[in-house]
Amino acid sequence: RQGTCAEFSVPGPSPWRHEQGLPPGPQACATLANRTGFLCHDRRSCIPASGVCDGTRTCPHGEDEEEGLCRDVPHSLPSFLVAHCGDPASWIYSDQKCDGTNNCGDCSDELSPVTVCAPCGPGWWHCSSTVFKYCDCIPRSLCRDRVQHCSDWSDEYACPGP
C-alpha cells in the first residue's frame, strides 16, 4: 500500500517549516503504482491520496489523520490530493482520476473535456460501457463471459479476452 518517496514539487509556498522547529507541511509523492500520494513525516512512507483522512492512521506517526488536515474535507486538504468532477460540488481524491473506474458518477474523472487520460491499458478493452462502474474501458476479465458490458457487444465478439 505504501510507495517510495519519489517526490515531485507542489506549486505554492515552500512546505519546509523546519527552521521554526515544526514538521514539514503536506508534501506530494508518487506511490508504487505511480499515483499521487501523501508523503509521511518520516519522508520514506508514501501513502495513496485516498488514504488521507479515511479514518485509518497509515503514516507511522498518524499525520494522515491529523485534525487540521481532516477538519473540513476536501477544503482542508492540500490541492494535490483533490481532483474535481464535472459537477463542481463533487470531488474525488487525485489518485482516483484516470483509474478506469467511474468515481465521479458522470465519468468526468475518466473522460474529456474535464480529464485527459491515457488510452486503455493492457488489461482493459476500449468500448462504450453499459456498466455504470466503467466509462470508456472495461477490464478484459469481463470479456467473453456471455454478459454484455459494451454497448456494441464487442466485449463478447471482438475482445480477445483476459
Side-chain angles (χ1 to χ4, degrees), residues 1-12 26-40 44-59 63-65 69-162:
R1 185 177 160 148
Q2 294 183 354
T4 60
C5 55
E7 300 175 51
F8 55 89
S9 62
V10 179
Q27 294 181 48
C29 56
T31 66
L32 290 174
N34 204 25
R35 301 264 201 207
T36 302
F38 175 85
L39 185 63
C40 299
R44 289 187 308 238
S45 305
C46 178
I47 65 168
S50 53
V52 176
C53 299
D54 66 350
T56 303
R57 292 179 181 270
T58 308
C59 287
E63 58 271 21
D64 57 308
E65 300 298 323
L69 190 64
C70 304
R71 180 182 316 120
D72 185 23
V73 173
H75 308 290
S76 56
L77 293 173
S79 61
F80 68 85
L81 293 176
V82 178
H84 296 282
C85 297
D87 173 358
S90 298
W91 68 279
I92 58 172
Y93 283 98
S94 54
D95 64 337
Q96 296 173 318
K97 196 167 115 177
C98 297
D99 67 353
T101 304
N102 180 13
N103 297 294
C104 284
D106 61 359
C107 287
S108 61
D109 57 312
E110 302 297 319
L111 304 173
S112 60
V114 177
T115 304
V116 178
C117 300
C120 303
W124 296 80
W125 176 253
H126 178 74
C127 71
S128 293
S129 176
T130 61
V131 182
F132 179 77
K133 183 176 178 180
Y134 305 108
C135 299
D136 236 13
C137 306
I138 63 164
R140 282 186 187 257
S141 60
L142 297 178
C143 291
R144 301 203 180 255
D145 65 353
R146 299 181 184 178
V147 176
Q148 180 186 16
H149 298 97
C150 297
S151 58
D152 62 0
W153 285 88
S154 65
D155 59 310
E156 297 305 310
Y157 299 109
C159 179

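All values reported here derive from a predicted model rather than from experimental measurement.
- Heavy atoms only, all atoms of each residue included: Ile47 and Cys59 are closest at CD1-SG, 4.2 Å.
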Test side-chain hydrogen bond (donor to acceptor under 3.5 Å, both in side chains) applied to Asp106 and Ser108, step by step: CA-CA 5 Å; Asp106 61 359; Ser108 61; 2.6 Å; yes
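- Minimum interatomic distance between Glu65 and Cys53 (heavy atoms only, all atoms of both residues): OE2-N, 3.2 Å.
- Partners of Thr115 according to the side-chain contact (heavy atoms from CB on, under 4.5 Å) rule, which considers only residues two or more places apart in sequence or in another chain, are Lys97, Cys98, Cys117.
- At distances below 3.5 Å, not a single donor-acceptor pair connects side-chain atoms of Asp95 with backbone N or O atoms of Thr36.
- The nearest pair of heavy atoms linking Cys29 to Leu39 is SG-N, 3.5 Å.
- A donor-acceptor pair shorter than 3.5 Å cannot be found between the side chains of Asn103 and Thr101.
- Distance check, rounded to the nearest 0.5 Å: CD of Glu156 to CG of Leu142 gives 9.0 Å.
- A disulfide is assigned to Cys143 and Cys159, since their SG atoms are nearer than 2.5 Å.
- The two residues Thr58 and Gly51 come nearest to each other via the heavy atoms OG1-O, 4.3 Å.
- The minimum heavy-atom distance between Ser94 and Ala49, with the atom names listed, is OG-CB, 3.7 Å.
- Applying the side-chain contact (heavy atoms from CB on, under 4.5 Å) rule to Leu111 yields the partners Cys107, Cys135, Asp136; only residues at least two apart in sequence or on another chain are considered.
- Separating the OH atom in Tyr134 from the NE2 atom in His149 is a distance of 8.0 Å, to the nearest 0.5 Å.
- Residue pairs meeting the side-chain hydrogen bond (donor to acceptor under 3.5 Å, both in side chains) criterion with at least one partner in residues 137-146, sequence neighbours excluded, do not occur; the list is empty.
- The environment of CG in Asn34 is sparse: at most 12 heavy-atom neighbours from other residues, nucleotides or ligands sit within 6.0 Å.
- Annotation: side chain of Pro160 is in contact with side chain of Trp125 (closest heavy-atom distance under 4.5 Å).
- Within the 3.5 Å criterion, the main-chain N or O of His75 finds no donor-acceptor partner in the side chain of Asp72.
- The two residues Ser50 and Tyr93 make their nearest non-hydrogen contact at CA-CG, 3.4 Å.
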